[in-house]
Amino acid sequence: MAGIFFAKTKDKLDNSVRSAVMSFLEKLQINDAAPGLHIEPLKNVADARVRTGRVNDMWRAVLFRLETAQTPTYVYYGTWPHDKAIDIASRSTLQMNPVHGIPEIIEQTKPEPQTSVSQGPVEDKTEPKQIDVPIWENGLITYGYSFKFLTQEVGLDPRIANNALCAKSAQEFHKVTDKAPDWQGLVILDLAAGKCLEDTLEDLGLGTKEQEPAPPESPGDTGNEKTEDEKIAESFSKDAAKLQFTYIGETATALREVIEGGSADAWRTFLHPEQRRYADGSWNGPFRLTGGAGTGKTVVILHRAKVLAQQNAAARIILTTFTRTLATSLSSNLMKLDANLNRTSKLSDAGIYTSGIDALALQVFNSVTEGERKQALKVVLGDACVTANLRPGAGPGSQNPWKEAITNTDHGLDAELANPTFMEQEYTSVVLANFVATRDDYMKVPRVGRGTALTRPKRMGVWKIIEAYHQNQRINELISFPEIAAVAACLLQQRAAAGKPAMADHVLIDEAQDLHATHWLFLRALVSEGANDLFIAEDSHQRIYGQKVPLSRYGIAIVGRSRRLSLNYRTTAENLDYAVSVLRGANIEDLEGESQDSKGYHSARSGPTPEEAGVSSLADELDVAAAHIRKWKEQEVPGHMIGIIARTKHQLQKLQAGMAERQIEVRDVDYMGDGSAPLYMTMHRAKGMEFFKVILFGVNESSVPLALATNRLAEAERNDALLRERSLLYVAATRARDELVVSWNGSPSALLPAAGSKVSVG
């Protein structure tokens with residue numbers, strides 16, 4: 001039985017040959033000498049260990065054979081058409097990095113001519129070297145890294161270091177990182193983005209040479225010395241090696257996962273050591289993981305759920321997020337990660353329970369007796385709101401009840417306060433979050449974090465509107481989801497006071513920036529305080545629903561237990577820079593009220609510069625969209641990987657009609673059919689999705705920011721609403737993996753970068 005280390009495929013494996021590769025590797029595991037495999041050495045190769053194997057008449061696998069004591073061990077590098085496989089095999093070497101002891105496969109290429117940038121060390125790396133800087137800003141040169149330093153101290157392969165230094169564009173630079181062994185590519189990216197070497201190596205689970213000295217030699221005891229092949233085989237256990245290699249044991253399931261998953265599902269098997277550390281770690285209380293779009297926060301959340309479930313089969317694990325759609329995606333990806341995980345459909349049972357947060361709160365709300373629920377309703381909403389029959393309604397985004405209450409009340413407030421947006425936020429973050437059930441309590445309650453100050457007469461006016469809102473809700477026997485979350489929190493607090501156990505052992509929260517105050521009140525009460533109680537993933541740059549809510553106000557202390565991911569795996573550097581430019585100048589705060597910026601946020605990929613298409617009419621803009629869709633379809637881009645995103649449903653109705661006139665089928669993302677047609681959706685609906693190609697449609701002055709979302713608000717609330725509109729545009733732009741087109745007719749949105757300006761990539 002042969003052992004196989006499987007390398008993450010750099011080149012996409014053709015769908016038509018995946019089953020043949022699967023069959024080849026299964027046979028290799030059973031008997032590597034089987035005649036049909038044709039495991040053959042080659043002549044004139046860079047590494048005598050290299051072998052090729054026959055997958056079928058047209059395709060061959062490239063492998064390295066390691067002679068180990070127990071059993072033959074193969075390192076599978078990839079499968080290519082016959083001639084290309086022979087070429088790659090002849091110039092590829094499997095080696096152990098001399099600085100860090102990591103296994104790596106290096107494809108030997110014709111070296112680039114040495115230039116002045118690769119001569120001699122830089123004594124002070126804080127000063128840029130005095131050289132002719134290329135036409136783009138090469139971060140390695142900007143920060144003064146030399147060829148000698150990169151090779152001798154960092155451990156980069158000389159050809160890779162030289163090519164990275166000599167790259168004349170972002171595209172050339174990313175070609176180097178794409179072809180480099182994964183750990184080397186990530187080091188180059190981090191250093192070019194300004195991250196210090198010590199932090200980069202620590203994140204990869206490595207140390208400097210001084211931190212990891214080689215073991216002393218024992219000249220007198222050579223009988224048990226390991227061979228070079230055995231040392232390489234052992235080095236695959238290092239965390240940094242697991243970025244690129246995974247061991248395939250005797251089960252066909254593990255083999256099928258890495259073969260059939262393809263590059264889009266590499267997250268299931270290959271984790272950055274930093275991500276793995278957060279998935280596997282243990283903390284004495286709540287832990288928060290931050291990071292921009294595409295940095296892998298959700299990947300960490302999913303792996304952490306798996307780790308916790310495997311560590312304790314009896315653990316009650318809740319996996320939740322803001323919307324039902326995102327919760328469904330989490331559930332689906334959890335199944336992809338490990339179909340054998342213990343999952344449960346009943347709250348408080350052992351296993352992983354996945355749900356949107358509002359549905360989760362509703363479960364708790366409905367899980368108690370009528371008497372218990374009435375008691376909690378009285379505490380949270382007051383005597384007048386205790387009604388036997390209540391059904392969910394008028395949740396966030398549904399402002400009609402507030403509008404009606406404002407219209408029918410003699411409140412004496414200006415329009416900047418007497419509007420649904422201000423009232424709903426005040427009610428959720430101040431009244432419900434503090435269980436304020438009477439006017440007298442509201443007069444005294446602190447309004448920490450609310451940007452608009454209220455005098456006593458203004459508080460009186462606000463409470464009059466709240467009373468009218470309560471009356472309308474009671475007449476209609478409705479309860480909003482923020483109210484349900486507050487009542488559910490109260491029920492859980494009463495449960496704890498009675499000595500009953502909490503309903504969960506671990507709660508994992510994705511997209512936490514979009515949660516509001518009563519959500520946090522509920523989540524804190526859902527699990528007892530203790531080790532690994534709450535794991536929170538957030539990106540304040542993507543806050544499109546929730547309000548700024550300091551976690552410490554709800555008994556969630558994360559001081560000293562917060563980390564940040566900075567490498568974007570999804571979006572190209574060009575698309576990322578365009579999206580981030582939408583947020584430049586905005587004051588973005590995290591869940592603890594600390595300012596967040598995009599410094600150090602960088603991408604592992606490169607691609608075309610985003611295209612801005614400003615035209616004079618809607619018809620012209622529809623023509624632009626149609627032309628791009630036709631081009632991408634001709635390039636055989638799958639329809640469901642083309643996304644068309646607009647701010648409003650009204651714009652999408654025009655888009656759908658316009659595409660029908662141009663004989664192009666597009667479909668609503670919620671009714672995608674067989675996946676052959678491009679999908680359209682609002683910016684809010686696009687949250688959590690990704691596409692190869694994206695068109696941001698109708699990014700006009702009149703639609704982004706949307707006037708209805710920002711008009712007639714007090715200054716603090718208006719600034720917050722404008723920030724949410726910026727974040728919404730940022731979210732939409734970061735849905736594009738490869739190509740981004742931004743279109744408008746008439747005047748462009750003021751939130752866009754200058755029309756026609758070049759996007760810089762650093």
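Given the structure is predicted, the values throughout are model-derived calculations rather than measurements.
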ask   = Just wondering, are more than 12 heavy atoms of other shown residues or ligands nearer than 6.0 Å to NZ in Lys633?
value = yes

Is [Y] paired with [X] through a side-chain N to carboxylate O contact shorter than 4.0 Å?
X      : Y      : answer
Lys195 : Glu202 : no
Asp280 : Arg304 : no
Arg316 : Asp349 : no
Arg277 : Asp203 : yes
Arg65  : Glu67  : yes

Let me confirm one number: the [atom1]-[atom2] distance from [X] to [Y], rounded to the nearest 0.5 Å.
X      : Y      : atom1 : atom2 : value
Ser23  : Leu28  : OG    : CG    : 11.0 Å
Ile30  : Asp32  : CD1   : CG    : 11.5 Å
Leu42  : Ser90  : CG    : OG    : 7.5 Å
Thr354 : Leu302 : OG1   : CG    : 8.5 Å
Asn342 : Gln310 : CG    : CD    : 11.0 Å
Glu274 : Thr200 : CD    : OG1   : 9.5 Å

Just jot down the salt bridge (Lys or Arg N to Asp or Glu O under 4.0 Å) partners of [X], sequence neighbours excluded, or say none.
X      : result
Arg91  : Asp87, Glu107
Arg343 : none
Asp47  : Arg49
Lys631 : Glu739

ask   = For Phe5, which residues count as a ring pair (Phe, Tyr, Trp, His ring centres under 6.0 Å) partner, sequence neighbours excluded?
value = Phe236, Tyr247

key: Qualifying residues under ring pair (Phe, Tyr, Trp, His ring centres under 6.0 Å), relative to Trp632, sequence neighbours excluded   =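 Counting only residues at least two positions away or on another chain, Trp632 forms a ring pair (Phe, Tyr, Trp, His ring centres under 6.0 Å) with His628.
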
Verify, without hydrogens or angle tests, whether [X] (side chain) and [Y] (backbone) share a donor-acceptor contact under 3.5 angstrom.
X      : Y      : result
Asn162 : Phe147 : no
Lys242 : Arg276 : no
His100 : Ile102 : no
Glu665 : Ser676 : no
Gln171 : Gly607 : yes
Lys297 : Gly291 : yes
Arg605 : Arg570 : yes
Ser332 : Ser329 : no
Thr177 : His174 : yes
Arg667 : Asp674 : no

Report yes if some heavy atom in the side chain of [X] is under 4.5 Å from a heavy atom in the side chain of [Y]; otherwise report no.
X      : Y      : value
Leu243 : Phe270 : no
Leu308 : Gln311 : yes
Asn56  : Val17  : yes
Leu25  : Ile4   : yes
Thr93  : Gln108 : yes
Glu574 : Ser606 : yes
Leu189 : Phe173 : yes
Met681 : Met689 : yes

Partners passing side chain to side chain donor-acceptor pair (under 3.5 Å) against Thr572 (at least two apart in sequence or in another chain) =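 In terms of side chain to side chain donor-acceptor pair (under 3.5 Å), with neighbours along the sequence ignored, Thr572 is linked to Asn575.
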
task = Output all residues satisfying side chain to side chain donor-acceptor pair (under 3.5 Å) with Glu234, sequence neighbours left out; order by chain, then residue number.
result = none

message = Using side chain to side chain contact (heavy atoms under 4.5 Å, CB included), reason through Phe149 and Val154 one step at a time and then give a plain yes or no.
response = CA-CA 7 Å; Phe149 181 85; Val154 181; 3.6 Å; yes

[X] versus [Y], closest heavy-atom pair with distance:
X      : Y      : result
Pro678 : Ile629 : CG-CG2, 3.8 Å
Thr571 : Thr734 : OG1-O, 3.4 Å
Thr52  : Ala89  : CG2-CB, 3.9 Å
Pro103 : Ser235 : CD-OG, 3.1 Å
Ala61  : Phe24  : CB-CE2, 3.7 Å
Pro273 : Gly205 : CB-N, 4.2 Å

Parallel, tilted or perpendicular: rings of His272 and Tyr569 (30°, 60°) = perpendicular

request  = Dump the intermediate steps for side chain to side chain contact (heavy atoms under 4.5 Å, CB included) on Gln244 and Trp183, then the final yes or no.
outcome  = CA-CA 8 Å; Gln244 189 168 355; Trp183 81 270; 5.9 Å; no

ask   = Pro181 pairs by side chain to side chain contact (heavy atoms under 4.5 Å, CB included) with which of Ile106, Asn97, Val187, Ile105?
value =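 By the side chain to side chain contact (heavy atoms under 4.5 Å, CB included) criterion, Pro181 pairs with just one of Ile106, Asn97, Val187, Ile105: Ile106.
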
Tell me every residue that passes side-chain contact (heavy atoms from CB on, under 4.5 Å) with [X], counting only those two or more places apart in sequence or in another chain.
X      : result
Met672 : His640, Leu679
Thr227 : Asp229, Glu230
Lys175 : none
Ala327 : Thr321

key: Lys8/Asp182 under salt bridge (Lys or Arg N to Asp or Glu O under 4.0 Å): CA gap, chis, key distance, verdict   = CA-CA 9 Å; Lys8 183 165 59 177; Asp182 277 31; 2.8 Å; yes

task = Starting from the C-alpha separation in whole Å, work towards a yes-or-no answer on side chain to side chain contact (heavy atoms under 4.5 Å, CB included) for Phe692 and Ile642.
result = CA-CA 6 Å; Phe692 293 151; Ile642 299 173; over 6 Å; no

